[in-house]
Protein chains: 2
Amino acid sequence: MSPRSRPDDCCSPPAPVEALSEARRERLVALFRALGDPTRLEMFRLIAAQDGPICVCDVVERFELRQPTISHHLKILRDAGLVTVSRRGVWAYYAVDPTGLEVLRRSPDLLYEEQP
Amino acid sequence: MSPRSRPDDCCSPPAPVEALSEARRERLVALFRALGDPTRLEMFRLIAAQDGPICVCDVVERFELRQPTISHHLKILRDAGLVTVSRRGVWAYYAVDPTGLEVLRRSPDLLYEEQP
DNA sequence: TCAACGTATTGACAAGCGTCGATACGTTAG
DNA sequence: CTAACGTATCGACGCTTGTCAATACGTTGA
């Protein structure tokens, strides 16, 4: 029993929420975490603003961070499924991963319910 | 001069990207960071799944975390503009902040360009 | 073959974050 | 008024994360 009466509508049983599948939740978390850093946010915007893939060397030029740090951030964006990398010789080119972008677009709905 | 020739299209100057305003960037970062944690993601889903505001006591019941921790996460969601709180006596009720949800919905576009 | 270069990985360190117990604050029942 | 309760804040503690220097790896020009 409640040790105290509650307002009428305080604890009417809340609507049950189907938990996201482990995989889907982790995917979303990784995506949000990747964009939840100012540097990576701007980095993703830079990559997304290009017509085609952008060379890592150009990314390095745009930020006041050391090359290994840039590489580290790019890996996080890659692991989150937000960008893809392709190589031509020594050079690496990054581009937006349309799949990841689609997940981001649908994320508001994914937050509400499971999706087929 | 480059100490080495590059592939033809390696470093054609990348498209310039207008930096997000400090305020807009911080807002987005806070939003993404707030959702970039499994607990807060599920917490937001729980709140969003309700027809009306949900009592903190019900949120506490749904997670295997201590009440101060729940309160801490709710504050982060609040600061990110994702939820609002209203009080009736001792009880606190949380609900989705439509403004924050709208920012999330528009985030894919916000990533590309400044918005009026 | 070899030296120079672009990129990725490793290891280290400080700062930030998630969690907890303890406690403070405000409200309400008695 | 006072005791009990719901919620928020505080302080502390490991674990994670962002950054760097050093280094490894693979490619390419000579």
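Numbered from 1 within each chain, the chains take letters A, B, ... in sequence-line order. As the structure is a prediction and not an experimental result, all values here were calculated from the model.
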Round to a whole Å and report the spacing from CZ of B:Phe32 to P of C:dC17. 17 Å
Does some side-chain heavy atom of B:Phe44 sit less than 4.5 Å from a side-chain heavy atom of B:Leu82? yes
Choose from D:dT9, C:dT9, C:dT7 the nucleotide whose nearest atom is closest to any side-chain atom of A:Pro68. C:dT9
Length of the line joining B:Lys75:NZ and D:dA8:P, which is rounded to integer Å: 10 Å
When all nucleic acid strands are considered with a 4.0 Å heavy-atom cut-off, which category describes A:His73: base, sugar-phosphate, or nothing? sugar-phosphate
Going through the checks in order, is the salt bridge (charged side-chain N to carboxylate O under 4.0 Å, His left out) test met by B:Asp79 and B:Lys75? CA-CA 6 Å; B:Asp79 292 345; B:Lys75 176 175 170 52; 3.5 Å; yes
pair A:Arg78-A:Tyr94: side-chain heavy atoms closer than 4.5 Å: yes
Tell me, do A:Ser107 and A:Leu31 make a side-chain contact under 4.5 Å, heavy atoms counted? no
Ignoring backbone atoms, establish whether B:Arg87 has a side-chain N or O less than 4.0 Å from OP1 or OP2 of D:dT7. no
Mind calculating the distance between CG (B:Asp37) and P (C:dT19) to the nearest angstrom? 6 Å
Spacing between B:Ile76 atom CD1 and D:dA8 atom P, to the nearest angstrom: 13 Å
Can you see whether A:Phe32 has B:Arg33 sitting over its ring - NZ or CZ less than 6.0 Å from the centre and within 45° of the normal? no
Side chain of B:Thr39 only, heavy atoms from C-beta on: which candidate in C:dT19, C:dA8, D:dA8 is closest? C:dT19
Under 4.0 angstrom, heavy atoms only, what part of the nucleic acid is A:Leu65 near: base, sugar-phosphate, or nothing? sugar-phosphate
Tell me whether the side-chain N/O atoms of B:Tyr94 come closer than 4.0 Å to OP1 or OP2 in D:dA8. yes
Just the rounded figure in Å: distance from C1' of C:dA8 to CG of A:Asp79. 13 Å
Proximal nucleotide (of D:dT17, D:dT7, C:dT7) relative to the A:Arg33 side chain: D:dT17
Spacing between B:Gln67 atom CD and C:dG21 atom P, to the nearest angstrom: 12 Å
Rounded to whole angstroms, how far apart are NE2 on A:His72 and C1' on D:dT16? 11 Å
Please state whether the phosphate of C:dG18, meaning OP1 or OP2, lies under 4.0 angstrom from any side-chain nitrogen or oxygen of B:Arg40. yes
Measure from CD1 on B:Ile70 to P on D:dG6 and round the result to the nearest Å. 15 Å
On the nucleotide D:dC20, are OP1 or OP2 found under 4.0 Å from the side-chain N or O atoms that A:Thr69 carries? yes
